[in-house]
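In what follows, chains are A, B, ... by sequence order, proteins preceding strands, each numbered from 1.
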There are 2 protein chains.
Amino acid sequence: MATLGDLERAVMDLLWEHPEAITANTLRDLLSQRPSATEADSRPLAVTTVLTVLSRLEKKGLVERERATRPHRYRAVTSRADHTAELMLEVLGSAPDREAVLARFIGTVSEGEAETLRKLLGRD
Amino acid sequence: MATLGDLERAVMDLLWEHPEAITANTLRDLLSQRPSATEADSRPLAVTTVLTVLSRLEKKGLVERERATRPHRYRAVTSRADHTAELMLEVLGSAPDREAVLARFIGTVSEGEAETLRKLLGRD
DNA sequence: CTTAGAGTTCTACGAGTCGTAGAATTGGTT
DNA sequence: AACCAATTCTACGACTCGTAGAACTCTAAG
């Protein structure tokens with residue numbers, strides 16, 4: 001699975017925040033009023049820039065688009081939760097000593113999260 | 001945290017398999033008889049190549065070396081399990097809806113691993 | 001039908017990373 | 001003083017990413 005750059009990541013976040021798909025139209029609005037990470041870096045991105053990364057994300061299989069409608073509609077293929085969980089699985093799978101990894105993982109997770117995990121695992 | 005390339009990864013694996021640190025000497029042996037991924041790609045790496053990536057890994061904080069001894073001794077800073085767990089944590093932290101991610105994660109993990117997790121989490 | 005304008009694709013460049021390794025340098029040993 | 005192994009420096013080609021203008025393609029209006 002691919003690792004995303006900063007802008008790619010930001011675009012995925014846009015898509016995840018906008019489940020009803022975005023288009024070149026939507027984009028213009030989003031770009032003008034987006035909270036820029038560095039506060040005052042001012043100049044908004046060109047629309048084509050975002051279109052380019054959308055294409056790249058499509059090639060990577062993270063985004064799909066409807067080509068039928070005129071302003072193409074872009075949407076994320078998987079939810080952010082799914083995507084992230086998948087990544088975690090992949091990372092876990094990259095080590096041969098999975099048990100050991102899980103042990104460390106559990107050891108570092110917050111107590112609240114540990115509780116969540118217990119619930120999710122259920123008893124027996 | 002950094003994402004590793006193929007060779008960098010392979011070198012880390014070498015280090016992790018060799019807890020007693022490796023040197024330019026050790027390297028020569030390891031390189032000649034290492035199992036090449038593609039079976040018959042034949043030509044072994046130059047020693048300097050590996051030294052270069054070791055330096056890069058050092059800069060990334062994954063490797064530390066003893067400069068006192070003449071053949072410098074390289075070793076991994078963290079165990080593979082620690083490193084991997086850290087990565088997983090980082091991935092998990094990249095999403096705002098951590099609970100949802102954990103839910104998906106648990107849903108995908110094998111039953112055996114789920115059991116392991118239950119044990120690790122303990123009751124209450 | 002012809003055309004303009006919105007929307008889409010193509011092409012490109014500069015910075016950064018990685019695999020790769022020779023060239024130059026250093027430092028201990030004879 | 002000189003040699004040799006070990007280390008560092010420098011470099012290049014391939015690839016990724018942020019960035020976006022140039023060129024092209026629809027569709028809707030005239």
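The side chain of B:Thr3 lies closest to C:dC18 when the candidates are C:dG19, C:dC18, D:dT19. For B:Glu8, whose side chain is taken as the heavy atoms from C-beta onward, the closest listed nucleotide among D:dT19, C:dC18, C:dT20 is C:dC18.
C:dT17 atom P lies 13 Å from atom CG of B:Leu4, rounded to whole Å. The CG atom of B:Leu45 sits 15 Å away from the C1' atom of C:dG22 (whole-angstrom rounding). To the nearest angstrom, P of C:dT17 lies 12 Å from CG of A:Asp6. Remark: C1' of C:dT17 and CG of B:Leu7 are 13 Å apart, rounded to the nearest angstrom. Atom-to-atom, NZ of A:Lys60 to P of D:dC15 comes out at 15 Å; the value is rounded to the nearest Å. When rounded to the nearest whole Å, the span between CG of B:Leu57 and C1' of C:dT20 equals 15 Å. In this entry the distance linking CZ of B:Arg9 with C1' of C:dT17 reads 18 Å, nearest Å. For the pair A:Met12 CE and D:dG18 P, the interatomic distance rounds to 13 Å; values are reported in whole Å.
Taking the salt bridge (Lys or Arg N to Asp or Glu O under 4.0 Å) definition, one finds that A:Glu8 meets it with A:Lys60, sequence neighbours left out. Remark: B:Ser55 engages B:Arg65 in a side-chain hydrogen bond (donor to acceptor under 3.5 Å, both in side chains) (not counting sequence neighbours). Looking at residues two or more places apart in sequence or on another chain, you find a side-chain contact (heavy atoms from CB on, under 4.5 Å) between A:Val47 and A:Leu27, A:Arg28, A:Leu31, A:Leu51. Taking A:Arg75 as the reference, A:Glu66 meet the side-chain hydrogen bond (donor to acceptor under 3.5 Å, both in side chains) condition, with sequence neighbours excluded.
The structure places CD of A:Glu99 at 9.5 Å from CG of A:Asp97, a figure rounded to the nearest 0.5 Å. Between atom CZ of residue A:Arg56 and atom CG of residue A:Leu54 there is a gap of 11.0 Å, rounded to the nearest 0.5 Å.
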May I have the list of side-chain donor-acceptor pairs in residues 13-20 of chain B shorter than 3.5 Å, sequence neighbours left out?
| unit_1 | atom_1 | unit_2 | atom_2 | d |
| --- | --- | --- | --- | --- |
| B:Asp13 | OD1 | B:Arg80 | NH1 | 2.7 |
| B:Trp16 | NE1 | B:Thr78 | O | 2.8 |
| B:Glu17 | OE2 | B:Arg80 | NH2 | 3.4 |

Under 3.5 Å, side-chain donor or acceptor atoms of residues 102-110 of chain B against the rest of the protein: list the pairs with distances, not counting sequence neighbours.
| unit_1 | atom_1 | unit_2 | atom_2 | d |
| --- | --- | --- | --- | --- |
| B:Arg104 | NE | A:Asp82 | OD1 | 2.8 |
| B:Arg104 | NH1 | B:Ala100 | O | 3.1 |
| B:Thr108 | OG1 | B:Arg104 | O | 2.6 |
| B:Ser110 | OG | B:Glu113 | N | 3.2 |

Contact state string [nucleotides 4-12 of chain D, B base, S sugar-phosphate only, - no protein heavy atom under 4.0 Å]: --SSB--B-

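Heavy-atom nearest nucleotides on DNA chain D were determined for A:Ala68 and for A:Gly5, and the one closer to the 5' end corresponds to A:Gly5.
For the pair A:Thr49 and D:dA20, the criterion of a side-chain N or O lying under 4.0 Å from OP1 or OP2 is met.
Taking five base pairs at each end of the helix from C:dC1-D:dG30 to C:dT30-D:dA1 and finding the rotation axis that steps the C1' atoms of four pairs onto the next four gives two axes whose angle is 20°, to the nearest 10°.
If you check every strand for non-hydrogen atoms under 4.0 Å, B:Lys59 touches nothing.
The side chain to side chain donor-acceptor pair (under 3.5 Å) contacts involving residues 83-94 of chain A comprise nothing, where partners must be two or more places apart or lie in separate chains.
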